[in-house]
Amino acid sequence: MIKSMTGFGSVRSEKDGHSLGVDIKCLNSKFMDINLRIPKEVQDKEAELRKLLSDALSRGKVQLSIELQVQNLDRAADIIDRDLFDKYFNTLSSIADKHNADKSELFRLAMQMPDVIKSGDQVLDENLWVWIKSNVVSAIEKANQFRMDEGKSLQAQFDESLKNLYKGLEGVERLDTQRRKRLSEKLKDALEELKDKVRVDENRFEQELIYYLEKLDISEEKVRLKTHLDYFQSTLTHKDSNGKRLQFISQEIGREINTIGSKANDAELQKIVVGMKDELEKIKEQSLNVL
């Protein structure tokens with residue numbers, strides 16, 4: 001069963017006065033590309049969150065956003081750097097004296113200067129983390145379900161394009177027999193016209209005819225194309241989604257179709273080849289969105 005790389009999962013939850021919002025957005029990407037927007041309370045859990053996302057979502061551009069509002073979160077006491085405060089205050093006082101300025105606001109200004117007050121680390125209760133993690137897992141499950149639903153839509157599109165490619169191959173096989181017959185007759189007619197004008201070695205002519213027809217023969221291409229189409233179809237129904245494999249197979253399908261087109265030397269057959277190329281482009285475009 002195929003899965004789309006596009007997915008979205010959202011969870012909103014409240015517990016013991018805490019409120020939590022988790023959003024996961026998945027987009028196309030050749031590799032796993034994780035972007036986190038998380039509050040500082042859970043920044044020490046970044047590695048665990050990345051592993052959770054990587055294991056569950058496999059591939060794609062994944063953005064995780066966590067919004068957290070907590071009540072009564074333990075916080076270490078704020079620390080005042082007195083030496084740094086004294087330096088700021090003395091510097092400001094010196095400037096105020098030089099310009100005969102009012103010093104009544106210097107204390108407040110010095111306290112607001114960078115790094116004077118250093119907040120202690122916030123401590124996240126383990127039970128709170130378990131609650132947050134469980135909601136992240138729920139959002140991942142929703143994103144995966146979204147991917148599966150999108151995959152069903154992609155499956156229907158693949159089935160339609162694949163059916164048209166099989167029909168195109170049937171048309172190629174039907175026209176190829178007629179094409180070979182027409183080519184042989186055309187060359188024989190040309191030979192009959194030449195007989196009255198020049199001496200023709202019929203044995204040599206038959207050898208050249210066979211060589212010419214072999215160069216235009218597409219029997220092997222038809223067999224390989226059928227094999228690739230069957231392989232593509234079996235990959236679609238495999239229990240594991242494999243977008244990269246589908247892309248590789250579609251490239252092989254394209255090679256065979258192009259070779260058939262170059263050897264065709266037949267207007268009706270070329271029309272079928274153009275239609276098959278159109279269907280293949282649809283498949284290639286859809287394959288880019290498969291996980």
Side-chain angles (χ1 to χ4, degrees), residues 1-8 25-34 54-62 143-177 179 215-291:
M1 177 182 293
I2 65 172
K3 292 167 65 177
S4 170
M5 267 194 286
T6 303
F8 181 75
K25 182 185 294 184
C26 308
L27 299 172
N28 295 357
S29 177
K30 290 184 177 180
F31 310 101
M32 191 64 177
D33 180 12
I34 299 176
S54 180
D55 291 345
L57 298 174
S58 302
R59 189 163 64 100
K61 186 175 183 179
V62 179
N144 261 326
Q145 185 59 51
F146 192 108
R147 282 179 157 188
M148 292 177 66
D149 293 340
E150 287 287 304
K152 292 177 182 178
S153 176
L154 285 173
Q155 178 84 47
Q157 296 175 54
F158 278 128
D159 288 343
E160 181 65 23
S161 292
L162 202 57
K163 181 179 70 174
N164 291 332
L165 285 174
Y166 275 117
K167 285 183 179 179
L169 179 56
E170 290 175 2
V172 168
E173 291 175 336
R174 183 180 64 255
L175 290 177
D176 186 37
T177 302
R179 178 186 70 109
K215 286 190 66 176
L216 298 178
D217 182 61
I218 57 173
S219 299
E220 292 184 5
E221 286 77 9
K222 290 187 296 183
V223 172
R224 287 196 294 265
L225 178 56
K226 175 66 163 54
T227 301
H228 295 327
L229 291 176
D230 291 344
Y231 187 28
F232 193 96
Q233 190 171 53
S234 66
T235 303
L236 284 177
T237 57
H238 196 272
K239 65 178 182 178
D240 296 326
S241 180
N242 197 327
K244 289 184 177 180
R245 182 176 298 173
L246 292 177
Q247 291 175 42
F248 294 148
I249 301 172
S250 66
Q251 290 176 5
E252 295 303 316
I253 292 173
R255 287 192 181 95
E256 303 307 329
I257 292 175
N258 288 333
T259 304
I260 290 173
S262 65
K263 288 185 174 183
N265 197 25
D266 183 90
E268 292 301 316
L269 203 150
Q270 283 283 8
K271 289 180 182 179
I272 295 178
V273 168
V274 170
M276 294 176 76
K277 287 183 177 182
D278 184 52
E279 292 297 334
L280 182 61
E281 284 304 310
K282 294 177 184 178
I283 283 179
K284 287 182 176 180
E285 184 176 350
Q286 293 155 3
S287 297
L288 294 175
N289 196 33
V290 178
L291 183 64

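Only this structure's heavy atoms are used, side chains among them; waters, hydrogens and symmetry mates stay out. This is a predicted model, so every value here is computed, not measured. Along the sequence shown, residues carry numbers from 1.
Thr235 and Asn242 share no donor-acceptor pair across their side chains, judged by distance under 3.5 Å alone.
For the salt bridge (charged side-chain N to carboxylate O under 4.0 Å, His left out) test, residues two or more places apart in sequence or in another chain that qualify with Asp176 are Arg179, Lys222. In this structure, Glu285 has no side-chain contact (heavy atoms from CB on, under 4.5 Å) partners at least two apart in sequence or on a different chain. The side-chain contact (heavy atoms from CB on, under 4.5 Å) test applied to Ser219 returns Asp217, not counting sequence neighbours. Legend: residues meeting ring pair (Phe, Tyr, Trp, His ring centres under 6.0 Å) with Tyr166, ordered by chain and number and at least two apart, are absent. Taking the ring pair (Phe, Tyr, Trp, His ring centres under 6.0 Å) definition, one finds that Phe146 meets it with nothing, sequence neighbours left out. Glu256 is linked by a side chain to side chain donor-acceptor pair (under 3.5 Å) to Arg224, counting only residues two or more places apart in sequence or in another chain. Contacts of Arg245 classified as side chain to side chain donor-acceptor pair (under 3.5 Å), with partners at least two apart in sequence or in another chain: none. Listed by chain and number, the residues in a side-chain contact (heavy atoms from CB on, under 4.5 Å) with Thr259 are Glu221, Ser262, Lys263 (sequence neighbours excluded). Every residue two or more places apart in sequence or in another chain that forms a side-chain contact (heavy atoms from CB on, under 4.5 Å) with Asp33 is listed here: Ser29, Lys61. With sequence neighbours excluded, no residue satisfies side chain to side chain donor-acceptor pair (under 3.5 Å) with Asp278. Applying the side chain to side chain donor-acceptor pair (under 3.5 Å) criterion to Lys277, with sequence neighbours excluded, gives Asn258.
Annotation for Lys244: atom NZ counts as buried by contact number, over 12 foreign heavy atoms lying within 6.0 Å.
Contact check for Lys282 versus Gln157: no side-chain heavy atoms found under the 4.5 Å cut-off. With a 4.5 Å cut-off on side-chain heavy atoms, Leu57 and Ile34 do not count as touching.
Applying the salt bridge (charged side-chain N to carboxylate O under 4.0 Å, His left out) rule to pairs touching residues 146-162 yields Glu160-Lys163, sequence neighbours excluded.
With Leu280 as the partner, the side-chain contact (heavy atoms from CB on, under 4.5 Å) test is satisfied by one option alone out of Leu162, Ile253, Asn164: Ile253.
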